[in-house]
Each structure stands twice: as C-alpha cells, then as structure tokens.
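Both counts, for ligands and for their atoms, begin at 1 and track the order of listing. These numbers come from a predicted model, not from an experiment.
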Amino acid sequence: MGLTERDLEVIWHPYTQMKTALPPVPIVRGEGALLFGEDGKEYIDAVSSWWVNIHGHAHPYIAKKVSEQLFKLEHVIFAGFTHEGAVELGERLIEILPANQRKVFYSDNGSTAVEVAIKMCLQYWHNKGENRTKIIAFKNAYHGDTFGAMAVSGRSAFTAAFDQLLFEVEFVDLPTESNIQNLKSQISNLKSKPACFIFEPLVQGASGMLMYEAEYLNELMAHCCGEGILMIADEVFTGFGRTGKPFACYHVQEQPDVMCFSKGLTGGTMALGLTTCTKAIYDAFLSDDRLKTLFHGHSFTANPVACAAALASLDIFLEPSTANNITRIANKHRAFGERIKHHPKVKTTRQTGTIFALEWETESDTSYFNSLRDTLYKYFLAAGIILRPLGNIIYILPPYCISNEQLDYIYGKIEEALNVI
Ligand SMILES: *Cc1c(COP(=O)(O)O)cnc(C)c1O
C-alpha cells in the first residue's frame, strides 16, 4: 500500500470532508519554499503550510538548534522548574514587543494562547472584585478552534454545531472612517461594562484575509483604553513580520494589554503558543490568597525543544536579510496587484505586507464553500503550487525566503487561471 492508501485507512484530517476531499498528497521532504512529493513532484508552499512557516522548510539552522536541544533536555515540568530556553525566549521577546508587555505565559498553540488571554482578562476583573464578563470581538473574527476561542470568533459554518454552547459575545464591525464614531458610542453604551476586547490587528486571516486600517484600529484602541476595557491583540497569524512590520501592533500607537502568538513563533517548526501581558494584569494575580492564581497550564508548557526552535527562528528573523525579504515580497505583491486589479474576473485585490489576497468575481456569494474553491485548488496543485483559496478568495502567504522566480511563477499561474477558468 502506498502512503496515501495507508493514510486513508487510519487518518482523519483537519478541516476536511473525508468523503469528498481529494486524497492527501504525500510529502517526503521540504527545502526553502519547496515541498517534495513522494512521486518527486515539487510544490511551492505559497500558504506557508497553514501560515506557520516563515523561513522555509527544514531550515538547517533551526534543525541544528533543535537537534542540539534534544540531546540536552527534551522537557521538564514548568511549574516549580525553569530552563534556559524559556527564560531567554521570554527576555528576547519582551525586548521587541510593545513596551508595556512584561510577562510571558507559555502554552501549546494559537487557540490555547487565546484561551489563556481570555482567562487572564476575565480573572483580572474577578480578582479585583469587579463583575465584568462581557467580551467584545469583531464580526468574522477567527481566534481558534477550542471552545473559548470559538466563542470569540464570528458565528459561521465552522461554529454552527456548537453555537448554543458558546458564550455570548458583543460582535462589532471592523472600524472604518465612516463608522468609527458609531462604534465608539456602541461600545460606551453597552449595558454592562465589558471585560475585554479581542481582535486580529489589521488582517482577519481565516475569514478571507479581510483588512482594515491601522488608523481606525488605533482610534478604537484609544477609546477602549479610555473605557478601561482590556485589549487582546491576537497576533497568532500577524506576528513575526507578516504585515510588513515585526508585529501588526507596530502599526498603531496604542498598546494592547495582552498579546497572543503561535504560528510563526517557532518558524513553523513545532507547536508553541505564548500569551504576553502587562505588569498591571500580572499584578492582579499576585496575592496571599491562593484563589487568585491563574489556574491554567498544559503538560508541555514551554517545551524546551519548541523554545529552542523559537529562539533559532528569532535569530533568523532578526537578521537584516529577513526584513529585506519581507519588503521585497511586499513590493512584488503590490506590483502584481496593480497588474491584475482591472481584470474582469478580479473583484478586488488587497495587501498588507507579505499577505496578498484576490477576490474572484463569481455569480454566487463570497463563501468558504464556493465551488470555485475546489477548481482553483486543483488547478494550482497541478501546477505545483499550494494555494488554498478561502472560497473565492485566493491568497498568497509565502515563507520569506521565497525567490522572485518562485513568486513570478505563482503570479503567472494565477493570471493564467484568471484567463482560462
Ligand atoms: C490560526 C489562528 C489561531 C489558532 O491557532 P492554532 O494554532 O491553529 O490553534 C488563533 N488566532 C488567529 C488569528 C489565527 O490565525
């Protein structure tokens, strides 16, 4: 039996309708922006393997650091014990995050980083003896697949089976020049004082790379700050250079109280989540009363091997060549957008840093289940490009090491698709 057949015997894949999905493509190796199939076929990973990879696959420097760590210490309980990698990663991140971020709490992935952020904010008010439990989030938000993360995500086909069990959230529109005043009064006029506001800064990834302007996010953040509403910036996707700056929050002057990271954190090498917070939040948990403890922790909290991967990824991230690559990709995306934006099949294009999205004109509504999606997915896969359209929205989100030739090949195939599909 080949790998695909063996897979189909035992595996249940994520976000996959197992009855109708194409059989999975067996991948045996990766290098730079490329993945290699069992049959030798090459694929350009234009979606960074679900947005996690930033420096390319099987990066030798990260591999070396991870391997060295494995021979030193693979794991240690993180309650009552500590280790060099966790502390060094905390120190180095605090150095480059917005100045008010002072403490680092580790977990396993983006969803758990969000769960921790929500629990920090809710328990902050609880510990202070204030009854504030309402959470504000954006419509169409995506914050992960665990229950708390789902609850603060927009209600959609993804959450439909669970909607009755998800706690109530105040969903507001993305801020624009025209609605910002209304948004502010909507928030001020809520019946109960909100505990916190969670948002994906500048780009809502899973809902179709929806983008909004830093200026109005900043205004909204300033307003929340004035109302004493804690702010959670979910940078699980936007962190580590995606938006053209190291963190999306670098685009605004206001600072969030809590930040969530995962995906690019380890360069896409392994699972690791991280939630950072201000001193004020941390201090609200300091007490002789044990009940004020943050009762949260995962078995693999601050796994030393994952921390080693994150530290190695950070080394590469801080090299000037990475910033140059990010600018190079952003410039090429921009030129491509200009070139195709008037094509009759292009409804709209948008871009923030290294994230490029194109909405394909269709008869039916823009939706995740748009059938065009499967056609496009297969078309690009046959051309040796991994693109996973979100409905009729094609997005390019490459590792920063992708070459100009590889980018041009992707652009060329998209233009070809626009002309033949
Ligand atoms: C992917 C994502 C998450 C969830 O991360 P997982 O590691 O998949 O659990 C949370 N928030 C945002 C903004 C994301 O894009």
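Given atom 5 (O) of ligand 1, the protein heavy atom at minimum distance is Gly110 CA, 3.1 Å. Of all protein heavy atoms, the one lying nearest to atom 12 (C) of ligand 1 is Asp234 OD2, 3.4 Å. Among protein heavy atoms, atom 14 (C) of ligand 1 sits closest to Lys263 NZ, 2.9 Å. The nearest protein atom to atom 3 (C) of ligand 1, hydrogens excluded, is given as Val236 CG1, 3.6 Å; this is a heavy-atom distance.
Of the protein's heavy atoms, none falls inside 4.0 Å of atom 8 (O) of ligand 1.
Ion pairing between Glu130 and Lys193 fails under the 4.0 Å rule for side-chain N and carboxylate O. Under the 4.0 Å criterion applied to side-chain N and carboxylate O atoms, Lys64 and Glu68 are assigned as salt-bridge partners. The residues Lys413 and Asp408 are annotated as not salt-bridged, no charged nitrogen and carboxylate oxygen being separated by less than 4.0 angstrom. Ionic pairing of Arg242 and Glu235 is not present here: no N-O contact between side-chain nitrogen and carboxylate oxygen is shorter than 4.0 angstrom. Here Arg92 pairs with Glu88 in a salt bridge; the nearest charged N to carboxylate O distance falls below 4.0 Å.
Counting the atoms of ligand 1 from 1 in the order shown, those under 4.0 Å from a heavy atom of Gly144 are 4 (C), 10 (C). Distances below 4.0 Å separate heavy atoms of Ser111 from the following atoms of ligand 1: 4 (C), 5 (O), 6 (P), 9 (O). Each of the atoms 10 (C), 11 (N) of ligand 1 lies under 4.0 Å from some heavy atom of His143. Residue Phe237 has at least one heavy-atom neighbour below 4.0 Å for each of these atoms of ligand 1: 15 (O).
The ring pair (Phe, Tyr, Trp, His ring centres under 6.0 Å) contacts involving residues 83-103 comprise Phe78-His83, where partners must be two or more places apart or lie in separate chains.
Contact annotation: Trp51 has at least one heavy atom less than 4.0 Å from an atom of ligand 1.
Aromatic ring centres of Tyr43 and Phe36 lie farther apart than the 6.0 Å criterion allows.
For CD of Gln17, the number of neighbouring non-hydrogen atoms (other residues, nucleotides, ligands) closer than 6.0 Å is greater than 12.
Only the side chain of Glu200 comes within 4.0 Å of ligand 1, judged by heavy-atom distances.
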